[in-house]
Amino acid sequence: MAVIVQKFGGTSVANPDRIKNVAERVAKYHREGNQIVVVVSAMSGVTDNLIKMARALMPLPSEREMDMLLATGEQTTIALTAIALHALGLPAISLTGAQAGIVTDGVHTKAKINNITPKKVHALLDQGHVVIVAGFQGQTMEGQITTLGRGGSDLTAIALAAALKAELCQIYTDVDGVYTADPRLVPGARKLPEISYDEMLELASLGAKVMQSRSVEFAKKFGVVFEVRSSLNDNPGTIVKEETPNNEGVVIRGVSLDKNQAKITLVGVPDRPGVAAHIFKAIADGNVNVDMIVQNISHNDGAPATDLSFTVDKPDLLKARTIIESLRDKIGVREILADEKIGKLSIVGVGMRSHPGVAAKMFETLASIGVNIDMISTSEIKVSVIVALDKGEQAMRAVHEAFLGK
Ligand code: ADP
Ligand code: ASP
Ligand code: MG
């Protein structure tokens, strides 16, 4: 009997009709004799709403209480999905992340999975149940409820597929698969039949929210092959797996735009050893991820000083600012500026390794439409630039057309 993990995202469970649609799909696979584990997200909009309500009470709410709050979204959906399966006459049972044996570290709102002991899941599958597990949540060894970062139901599904040694892991969403760019922003985007872990990982961490980046990292580490496909039709999706030699033939696999970044600039930072270490250590201790960092030329106005710019995820901006404010007097930063109106535009492809001139072509394309580049960062398989947020989508379409056609 094959174990299949099927994950359904927020839009796929957005209302009772959609949940019924999910139940019918699950029932089909169950009738074929498979053991099914279903992972569901909160109904679309629910997590955002819960965050909004908490922030209306306090700008930086306790992260422990945020996890307590956000975990309720998925808990609603697991019970409704179980009920929908019961209505079809199937034996189904819902489990919270903790009940499914998902143990995490204690970093609230961004917890990492330490281990999964799926004893209960196995037992229930063996009794013939469809097991429905709440995505996005786990529990610490001490019994605290945690969540796995936005989009974290993808991670629940991939991690369960690894722990259960599932034959198949299917990520059902509201598009037909992984495209060369977000099909909602780039009409000419094309569905990819397959993509390597590394390319998917870069696209995901650079803003293509179709998969949570940490889930792709996990899949690569444990060799979980998965398919991204639509819950609204039966079209084949995109297979995500280890790189094959012919991947290198394609220079650019995809383009992404991350509108969820903010830039912090520290003006007049004393130019002496240890200052950057001090600042970024404090930010890291606050569990804020820093992405691009640019330090520019010292000003020659007596005491040497530099301007230091870096990007963080928008929801972490206030926290990062608060941390820097607390160091400000000690370090002697003249001014702290924050800019939320930025977009990070990236091109990704393993073929870049063997094709020179890719960055130059991207910069030329942006210049030809009058888009200014604010920051640049590159790796072996990606080039990212920061541009003005209001130019982001236009820039994305132009770059997509230049590399991947209309
Ligand atoms: P779910 O709720 O199922 O987890 P998400 O909203 O998190 O779904 O992710 C699906 C969305 O990701 C799509 O609706 C699409 O707009 C967006 N997306 C961004 N980049 C891409 C891409 N390269 N390919 C496909 N979808 C993408
Ligand atoms: N409900 C969570 C979120 O909106 C997790 C998920 O959808 O994967 O981020
Ligand atoms: Mg998602």
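Computation of the quantities below employed the complete heavy-atom set of this structure, encompassing side-chain atoms and omitting hydrogens, waters and symmetry-equivalent molecules. Each ligand, and each atom within it, is numbered from 1 in the order the structure gives.
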Any N or O of [X] that comes nearer than 3.5 Å to an N or O of ligand 1?
{"X": "Lys209", "result": "yes"}
{"X": "Asp182", "result": "yes"}
{"X": "Asp154", "result": "no"}
{"X": "Ser12", "result": "no"}
{"X": "Gly10", "result": "yes"}

Handout entry: atom 25 (C) of ligand 1: the protein heavy-atom neighbour that sits closest, reported with distance to 0.1 Å
Key = Gly177 O, 3.3 Å
Handout entry: Sub-3.5 Å N/O-N/O distance, Arg150 and ligand 2
Key = yes
Problem - N or O pair under 3.5 Å between Ser153 and ligand 2 - result: yes
Exercise for the section: Check each of Lys209, Gln212, Lys7 against Asp154 using the side-chain hydrogen bond (donor to acceptor under 3.5 Å, both in side chains) test, and report the only one that passes. Expected result: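 Only one of Lys209, Gln212, Lys7 forms a side-chain hydrogen bond (donor to acceptor under 3.5 Å, both in side chains) with Asp154, namely Lys7.
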Completion exercise
A student checking ligand 2 against Gly151 at a 4.0 Å heavy-atom cut-off should list atoms 3 (C), 5 (C), 6 (C), 8 (O), 9 (O)
Problem - Proximal ligand 1 atoms for Asp174, defined as those under 4.0 Å from one of its heavy atoms - result: 10 (C), 11 (C), 13 (C), 14 (O)
Exercise for the section: Taking the six-membered ring of Phe403 (Phe, Tyr or Trp), confirm whether the NZ or CZ of Lys361 is under 6.0 Å from its centre and within 45° of its axis. Expected result: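 Positive - Lys361 is close enough to the ring of Phe403 and near enough to its axis.
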Problem - Close approach, Gln212 and ligand 2, non-hydrogen under 4.0 angstrom - result: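 No; Gln212 lies far enough from ligand 2 that no heavy-atom distance drops under 4.0 Å.
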Handout entry: Contact check, Gly152 vs ligand 2, heavy-atom distance below 4.0 Å
Key =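 Yes, Gly152 has a heavy atom closer than 4.0 Å to ligand 2.
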Exercise for the section: Kindly check if the number of other-residue, nucleotide or ligand heavy atoms within 6.0 Å of NZ (Lys319) is above 12? Expected result: yes
Problem - Under-4.0 Å salt bridge between Lys241 and Glu194 - result: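 Yes, charged N to carboxylate O under 4.0 Å.
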